[in-house]
Amino acid sequence: MKHVWTLARRELKGFFDHPTAYVLQIAFLALALFLAVRSIYANSLATLRPLFDLLPWLLAIFVPAVTMRSLAEERQTRTLEWLMAQPFDERTVVLGKFLGNWLFVVFTLACTLPLAAGVLLASDADPGIVVAQYLGSALLAALLVALGLWASSVTQNQITAFILATALSLTLVLIGAPVVRVGLPPRVAALLGELGVVRHFEGVARGVIDLRDVLYFMAGTVLFLVLAGFFLAKDRLSPTRAGFRRLRVGTAAAAVLALVVSLAGSNLPGRLDLTRGNLYTLSAGTRTIVAGLDDLVTIKLFMSRELPLEIQSTVRDVRDLVADFQRASDGRLQVGELDPDQDEAAAEEARSFGITPIEFNVLRDDEFQVKRGWFGLAVQYADKSEVIPLVDRTDDLELRLASAITTMTREGMPVVGWATGFGMRGQFEFQLARQVLSERYQIEAVSLQPDSSGVVESIEGVDVLLIATPTAPLDPAAVSRVREFVDAGHPALLLVKGLQLSPQAPTTLPVTTGLEEFLKEEGVELSTDVAFDLRSSQRISMGQQGMFSLIRSYAYWPIAFPAAEHPTVRDLSSLTFGWPSPLIITDSAHVTPLWTTTEAGGSVPAGSSVAPEIPLAPDAASLSPQILAAAVDGDRAGGAGRLIVVGDASFLEDQFLRADPQGVAFLANAVDWLGQDESLIDIRSKNRVPPPLVFSSDWGKNVLKWGCLVGIPALLVLLGAVRVGGRVSRARRQWGEAA
């Protein structure tokens with residue numbers, strides 16, 4: 001190992017003493033950072049995926065340019081014979097060269113760390129995902145460096161080595177792409193998918209170190225290192241000697257073994273989830289649900305062998321997830337995979353569940369043909385069943401399976417009473433939100449409107465009461481009925497606003513709900529102002545401006561952030577509100593803020609214009625975080641029920657939920673917490689959407705941007721000038737010491 005490290009240091013020192021290495025580094029980093037920063041800033045999302053999505057393509061050209069001289073130049077200058085005359089064998093030379101080249105590439109990748117650090121400091125981005133992305137990059141770099149060394153070992157010409165390594169590197173990147181595999185037989189397409197680097201790199205880059213992906217990169221690296229060692233060793237061995245034959249057989253065996261490990265490893269379980277909240281690992285709530293089953297539950301996967309290439313990663317994730325369910329159930333949950341294309345009985349069973357085949361195009365005989373395939377599942381418990389006719393996504397599949405199992409195995413469904421009257425918004429105005437709630441709860445209309453004698457019916461048989469933005473003051477009898485319901489220990493979700501939009505002009509009008517005194521008694525005051533956020537807000541389209549579509553941040557649709565540790569906002573990163581009313585907490589002992597704007601938040605009084613084209617210019621001294629939602633615990637005197645108060649209901653509208661699905665998760669979490677059924681909150685809170693990127697000031701935003709685009713290349717230029725410029729003086733000093 002000492003000789004390997006000696007050669008690695010020599011190789012690494014050679015890079016930093018040569019101006020060409022700095023040119024390669026600066027070109028690579030300038031292109032990668034420019035494209036990444038541009039995408040990150042344009043989308044305002046705290047994620048490094050734009051950088052790592054480009055990385056396989058950039059490394060496929062950068063790494064061959066780095067490695068092309070490693071062995072080819074040694075052959076051309078006849079220094080390889082001198083090197084082999086030292087106490088080094090072929091294995092030592094290959095490993096030393098590999099380590100030196102790999103460390104240089106890793107150092108170049110590390111130059112992007114300032115961008116990662118800036119994104120992490122400016123947002124609530126997941127550091128675990130960033131760590132996994134850099135680990136995956138190091139594994140990918142190792143594979144490509146080994147490939148480049150092999151290409152450099154077969155020729156004396158550096159340009160030939162570069163072309164060969166680049167062609168093979170791009171081949172490994174491309175063969176996993178659907179554009180290459182389309183039209184091929186299913187088994188061949190699946191094989192190419194396993195051999196392509198993109199699929200394995202994307203698996204690691206999402207934040208999961210999967211054993212299958214690690215084995216792929218390690219096997220590929222070993223394969224090319226063995227081949228490089230073979231081409232070095234064969235030069236000193238006679239083809240007629242037994243030693244050469246043993247070398248050839250050993251190399252072939254090592255190559256076959258590496259290929260087998262790479263392909264067979266796709267069936268091995270085992271992964272390390274580095275994401276915050278373990279997004280790709282079964283949550284504690286799921287394990288509790290499946291471990292507490294009192295009878296057998298069966299999950300049946302109806303899946304065709306030939307499915308579109310675009311969903312092969314989904315197929316892998318589905319298989320992994322149901323296998324995790326089975327392992328966590330201690331035998332109480334069984335999984336069966338059926339192919340209806342090959343088994344007519346399975347096809348009939350699938351149809352009985354309401355699962356039908358999907359149609360898609362495949363390329364056969366140089367023309368597109370329509371194929372049909374199955375990809376659905378059914379969950380069975382006793383005589384009950386829950387069906388997912390088409391598994392089109394996996395980010396919420398754990399929640400859907402756990403919810404289905406919970407629904408089938410429990411007695412009855414809790415009731416959410418959706419209040420009506422006094423201009424309240426009904427359940428059918430929130431179709432997506434209603435659909436999510438109805439999967440776990442029975443939704444019933446509850447009228448708070450007094451009858452002709454002024455009496456409001458008692459709220460009976462309701463587990464959670466929901467009131468959505470009354471626009472007329474509630475009758476005292478209705479308020480009294482709500483107070484009785486809460487004082488009896490029952491929970492309520494109050495989506496109330498102290499304002500409404502004027503139908504004639506883009507201004508707000510004050511609204512009296514009649515619940516103000518009740519809320520004040522619970523420690524929450526409702527303002528008639530409208531909250532805004534100058535730093536974190538949703539972007540809206542202003543329509544066509546000539547030939548251009550104009551997009552503008554709309555401060556009255558603030559993107560709020562969790563204000564405290566609370567089950568209802570667990571693992572949620574942000575939530576978009578529409579013209580919300582800020583809340584004032586007067587009882588901090590029993591009231592917990594849930595959502596708040598940034599420090600650049602504020603409010604304007606009712607009657608102010610909220611037109612998006614009118615810029616806001618408030619006094620900077622008046623800006624402060626605005627609380628938009630709060631939770632009132634059930635530990636108050638008298639044993640009153642839990643409350644959640646939100647100064648908005650627009651976040652549950654379909655248009656808001658399509659732009660920000662976290663609103664659904666917050667609603668479901670809130671109802672579960674109110675009903676004291678929190679088993680699914682851990683699962684539902686798994687949010688794979690990157691948080692928004694919000695800078696505390698324009699100064700910090702510009703420092704990160706120009707520090708990456710200009711500062712990092714400038715530092716490399718300075719380092720190169722010092723190292724390359726001092727090369728002559730260092731050589732003279734060394735020769736002088738030797739003399």
Side-chain angles (χ1 to χ4, degrees), residues 178 186 280 282 286 289-290 293 296-326 329 333-362 369-410 413 428 430-443 654 657-658 661 664-665 668 680 683-684 686 688:
Y280 300 92
L282 289 188
T286 299
I289 291 171
V290 297
L293 295 175
L296 183 66
V297 171
T298 303
I299 297 179
K300 292 187 176 181
L301 274 173
F302 297 94
M303 189 160 49
S304 299
R305 180 180 303 174
E306 184 176 357
L307 287 171
L309 299 174
E310 293 81 2
I311 66 171
Q312 289 303 315
S313 59
T314 303
V315 171
R316 170 177 160 175
D317 289 344
V318 170
R319 284 174 170 158
D320 289 346
L321 182 62
V322 296
D324 289 344
F325 267 79
Q326 186 174 20
S329 68
L333 186 147
Q334 298 296 321
V335 176
E337 185 172 322
L338 306 173
D339 186 353
D341 291 331
Q342 306 296 324
D343 186 350
E344 184 58 33
E348 288 297 327
E349 185 178 9
R351 293 189 185 97
S352 69
F353 285 119
I355 300 174
T356 57
I358 57 174
E359 292 185 342
F360 54 91
N361 289 118
V362 296
Q369 300 177 3
V370 177
K371 295 284 292 183
R372 303 179 72 190
W374 305 76
F375 192 32
L377 63 82
V379 185
Q380 289 181 291
Y381 174 80
D383 58 345
K384 302 177 183 178
S385 64
E386 293 283 338
V387 180
I388 301 178
L390 175 61
V391 184
D392 55 351
R393 51 188 292 191
T394 59
D395 56 346
D396 66 340
L397 186 57
E398 180 187 352
L399 173 63
R400 294 166 74 180
L401 290 177
S403 297
I405 294 172
T406 302
T407 301
M408 291 187 299
T409 56
R410 72 182 176 188
M413 293 182 67
F428 295 102
F430 308 95
Q431 289 293 342
L432 293 178
R434 181 182 179 278
Q435 179 181 349
V436 171
L437 276 184
S438 61
E439 293 176 357
R440 290 250 305 146
Y441 295 90
Q442 180 180 342
I443 304 176
D654 290 357
L657 292 183
R658 291 189 184 99
V664 170
L680 293 178
I683 314 170
R684 190 182 297 112
K686 289 185 175 182
R688 300 180 186 178

Q.
Side chains of Val436 and Leu657, heavy atoms from C-beta outward: is any pair under 4.5 Å?
A. no

Donor-acceptor contacts under 3.5 Å from residues 375-386 side chains, at least two apart:
from: Tyr381; atom 1: OH; to: Asp294; atom 2: OD1; distance (Å): 2.6
from: Lys384; atom 1: NZ; to: Met408; atom 2: O; distance (Å): 3.1

(Q) One thing to verify: whether Arg351 and Glu344 come together as a salt bridge, which I'm taking to mean a side-chain N less than 4.0 angstrom from a carboxylate O. (A) yes

Q) Can Phe325 and Val335 be said to form a side-chain contact (heavy atoms from CB on, under 4.5 Å), step by step? A) CA-CA 9 Å; Phe325 267 79; Val335 176; 5.7 Å; no

Q) At what distance, to the nearest 0.5 angstrom, does OH of Tyr280 lie from CG of Asp324? A) 13.5 Å

Q. Rounded to the nearest 0.5 Å, what separation is found between the CZ atom of Arg393 and the CG atom of Leu397?
A. 10.0 Å

**Q.** Nearest-0.5 Å distance, CE of residue Met303 to CH2 of residue Trp374
**A.** 14.0 Å

(Q) Using 0.5 Å steps for rounding, measure from the CG atom of Asp396 to the CG atom of Leu401. (A) 9.5 Å

Q.
Quick check: closest heavy atoms across Ala346 and Phe302, and the distance to 0.1 Å?
A. O-CE2, 3.6 Å

Q. Side chain of Glu398, backbone of Asp395: donor and acceptor closer than 3.5 Å?
A. no

Q) Which value, rounded to the nearest 0.5 Å, describes the distance between Ile289 atom CD1 and Ser403 atom OG? A) 7.0 Å

Q | Smallest separation among heavy atoms of Gly354 and Pro389, with atom names | A | O-CB, 4.1 Å

**Q.** Leu338 and Asp343, any side-chain heavy atoms less than 4.5 Å apart
**A.** no

Q.
Out of the candidates Ile388, Val391, Ile405, Thr394, only one should pair with Arg400 under the side chain to side chain contact (heavy atoms under 4.5 Å, CB included) rule; please name it.
A. Ile388

**Q.** CG-CD distance between Leu437 and Glu439, expressed to the nearest 0.5 angstrom
**A.** 9.0 Å

(Q) As a quick check of understanding, evaluate side-chain contact (heavy atoms from CB on, under 4.5 Å) for Arg316 and Asp320, giving each step before the final call. (A) CA-CA 6 Å; Arg316 170 177 160 175; Asp320 289 346; 3.9 Å; yes

Q. So which heavy atom on Thr286 is nearest to which on Ala402, and how close?
A. OG1-CB, 4.2 Å

Q: Begin from the C-alpha positions of Thr356 and Leu390 and carry the test side-chain contact (heavy atoms from CB on, under 4.5 Å) through to its verdict.
A: CA-CA 8 Å; Thr356 57; Leu390 175 61; over 6 Å; no

Q: Test side-chain contact (heavy atoms from CB on, under 4.5 Å) on Arg305 and Asp341 and set out the steps.
A: CA-CA 8 Å; Arg305 180 180 303 174; Asp341 291 331; over 6 Å; no

(Q) Can you list everything that forms a side chain to side chain donor-acceptor pair (under 3.5 Å) with Asp317? Sequence neighbours excluded, please. (A) Arg206

